[in-house]
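What follows is a single structure, written as C-alpha cells, with notes after it.
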Amino acid sequence: MTDAAALPGQPRGGVLSGPATARAVNVLAPNASAMTLDGTNTWIVSEPGSETAVVIDPGPLDEGHLRHVIGTAERSGKRIALTLLTHGHADHAEGAARFAELTHTKVRALDPALRLGDEGLGHGDVVTVGGLELRVVPTPGHTADSLCFHLPADQAVLTGDTVLGRGTTVVAHPDGRLGDYLDSLRRLRSLIVDDGVHTVLPGHGPVLEDAQGAIEYYLAHRAHRLAQVETAVESGHRAPDEVVAHVYADVDRSLWPAAELSVRAQLEYLREHGLV
C-alpha cells in the first residue's frame with residue numbers, strides 16, 4: 001500500500017463524508033463512477049457558531065442526497081442560506097434548482113443560465129454569510145465557467161473539478177481550453193504561496209493536505225502530457241483518437257472518451273502556439 005503522504009498533494013485517508021476543516025463539511029453524493037471517482041463532494045461551509053451555512057455544488061438531481069445535505073446542516077443547528085456552483089456540469093449542478101426550491105435559497109454561479117436570482121459570481125467577489133468569508137477565484141480551463149472558492153479562515157481552497165483529490169482532471173474541449181487551464185493552475189499556485197493556502201477541498205476525491213504539491217504535480221503532469229501529444233503528432237498520429245491510443249495506452253479504455261477531450265484541447269493549444 002502506498003503511503004498517502006508520498007502521493008501528489010498528500011490525500012487525506014479515511015471516510016470522505018464529514019468534517020474536513022473547522023468550517024467545511026463534506027456530504028458525498030451517491031454517484032460514484034470512473035469519471036466522478038467516489039462521487040461528487042457537496043460542501044457545507046459555515047462559520048463556527050453561526051446559524052447559517054453556504055452549500056457549494058449540491059450535486060446531481062438525487063432527492064435523497066439533496067435532503068441528506070439539508071439534514072446534515074440542520075443537525076448541526078444551521079440553516080442553508082445560499083447555494084454556490086463551481087461550474088455547470090450535471091454531477092455538480094443538476095440538483096441546484098431543486099435544492100434551491102427545498103431550501104428557499106438563491107443560486108449564484110458564473111454562468112447566468114445556472115443562476116437563480118439576480119447576483120452572479122465573478123473575479124474579486126467576496127461572498128459573506130453569517131460571518132463566513134469566501135473569495136471567488138475564476139479558474140477557467142476544465143470548463144469556461146469554472147470557479148474556485150478561497151476560504152481564508154481555514155487556509156483552504158474549494159476547487160470543484162479544477163483540482164481533484166485523486167488523479168487529474170479533464171480539459172473539457174471545446175468549452176475547456178488548455179491555455180486557460182494552465183493560467184488557472186498558476187493563479188492557484190500564486191494564491192497558495194501568497195495567502196498561505198495549504199488544504200484543497202476538491203469536487204471529487206479526498207481532501208489534499210499539500211495544496212502546493214498538488215498544483216506543482218498538475219503543472220508537471222500537463223507539461224508531460226503536452227510533450228507526449230506533440231511527439232505523437234510528429235510521429236504521424238494526427239487524429240485525436242489516434243493520439244489517445246498512443247499517449248493514453250496505459251489508461252483504462254473506459255476513460256478514453258474523456259481523454260480525447262483533453263487531447264483535442266492539447267492539439268488546439270499546440271496549433272495556437274505554432275508547435276504542430
Side-chain angles (χ1 to χ4, degrees), residues 8 35-37 40 57 84-93 109-115 120-125 136-150 157-164 167-192 200 202-205 211 214-234 237-248 251 255-276:
M35 287 297 295
T36 61
L37 305 182
T40 300
D57 290 351
L84 304 177
L85 297 177
T86 61
H87 65 297
H89 280 168
D91 56 315
H92 294 257
L110 179 61
D111 185 349
L114 299 171
R115 301 172 190 167
L121 292 169
H123 176 69
D125 286 349
V136 179
V137 184
T139 50
H142 169 67
T143 60
D145 69 330
S146 287
L147 299 171
C148 292
F149 297 99
H150 177 203
V157 60
L158 297 107
T159 56
D161 280 357
T162 299
V163 177
L164 305 179
T168 56
T169 199
V170 172
V171 179
H173 183 273
D175 183 45
R177 294 173 57 85
L178 180 59
D180 291 342
Y181 186 65
L182 294 174
D183 287 344
S184 292
L185 291 177
R186 296 183 190 109
R187 186 175 301 118
L188 286 174
R189 181 170 60 185
S190 295
L191 175 74
I192 288 163
V200 172
H204 302 278
I215 295 298
E216 297 294 353
Y217 170 75
Y218 264 59
L219 285 166
H221 172 79
R222 284 296 165 195
H224 178 63
R225 282 298 194 205
L226 192 61
Q228 287 181 308
V229 170
E230 185 176 4
T231 298
V233 172
E234 290 172 350
H237 303 285
R238 299 303 176 93
D241 60 339
E242 294 176 355
V243 175
V244 170
H246 183 76
V247 173
Y248 291 82
V251 174
L255 298 176
W256 279 16
E260 185 172 327
L261 297 179
S262 285
V263 164
R264 289 180 181 275
Q266 291 169 73
L267 291 172
E268 181 182 60
Y269 179 88
L270 290 171
R271 285 193 294 268
E272 289 173 348
H273 289 76
L275 298 175
V276 295

Parallel, tilted or perpendicular: ring planes of Y181 versus Y218, cut at 30 and 60 degrees |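 It falls in the tilted class, 30° to 60°.
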May I ask you to decide if the ring planes of H237 and H246 are parallel, tilted or perpendicular, using 30° and 60° as cut-offs?
->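 Taking H246 first and then H237, their aromatic rings lie parallel (interplane angle under 30°).
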Step by step, work out the side chain to side chain contact (heavy atoms under 4.5 Å, CB included) result for D241 and W256.
-> CA-CA 8 Å; D241 60 339; W256 279 16; over 6 Å; no
Start with the C-alpha distance between L147 and V137, add both sets of side-chain angles, then the distance that settles side chain to side chain contact (heavy atoms under 4.5 Å, CB included), and finish with yes or no.
-> CA-CA 6 Å; L147 299 171; V137 184; over 6 Å; no
Can any side-chain N or O of [X] pair as donor or acceptor with the backbone N or O of [Y] at less than 3.5 Å?
X    : Y    : value
D111 : G88  : no
D175 : A144 : yes
D125 : G122 : yes
T86  : S146 : no
R189 : I215 : no
R177 : A265 : no

Nearest heavy-atom neighbours spanning [X] and [Y]:
X    : Y    : answer
T159 : P202 : OG1-CA, 3.4 Å
R238 : V233 : NE-O, 3.1 Å
V244 : E260 : CG2-CA, 3.5 Å
V247 : A232 : CG2-CB, 4.0 Å
A93  : H87  : CB-O, 3.7 Å
L85  : F149 : O-CZ, 3.9 Å

Worked verdict on R264 versus E268 for salt bridge (Lys or Arg N to Asp or Glu O under 4.0 Å) | CA-CA 6 Å; R264 289 180 181 275; E268 181 182 60; over 6 Å; no
To the closest 0.5 Å, what do you measure between [atom1] ([X]) and [atom2] ([Y])?
X    : Y    : atom1 : atom2 : answer
R225 : Q266 : CZ    : CD    : 8.0 Å
T36  : L164 : OG1   : CG    : 10.5 Å
D145 : L114 : CG    : CG    : 6.0 Å
D183 : L178 : CG    : CG    : 9.5 Å

Would you mind reporting whether V170 and M35 have side-chain heavy atoms less than 4.5 Å apart?
->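 M35 reaches V170 side chain to side chain.
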Side-chain contact, heavy-atom cut-off 4.5 Å: R222 with V171?
->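 Yes, their side chains come closer than 4.5 Å.
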What do the steps show when you test L267 against R271 for side chain to side chain contact (heavy atoms under 4.5 Å, CB included), and what is the final call?
-> CA-CA 6 Å; L267 291 172; R271 285 193 294 268; 3.7 Å; yes
Can you list the steps and then say if Y269 with L182 is a side chain to side chain contact (heavy atoms under 4.5 Å, CB included)?
-> CA-CA 11 Å; Y269 179 88; L182 294 174; 4.0 Å; yes
With a 3.5 Å cut-off and no angle check, do the side chains of T169 and D161 form a donor-acceptor pair?
->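 Result is no, nothing qualifies.
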For L226, which of T231, L270, L275 qualifies under side-chain contact (heavy atoms from CB on, under 4.5 Å)?
->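 With L226 as partner, side-chain contact (heavy atoms from CB on, under 4.5 Å) holds for just one option, L270.
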Sole candidate of H89, H142, H92 that passes ring-ring contact (aromatic ring centres under 6.0 Å, His included) when paired with H204 =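 Looking at H89, H142, H92, the match for H204 under the ring-ring contact (aromatic ring centres under 6.0 Å, His included) is H92.
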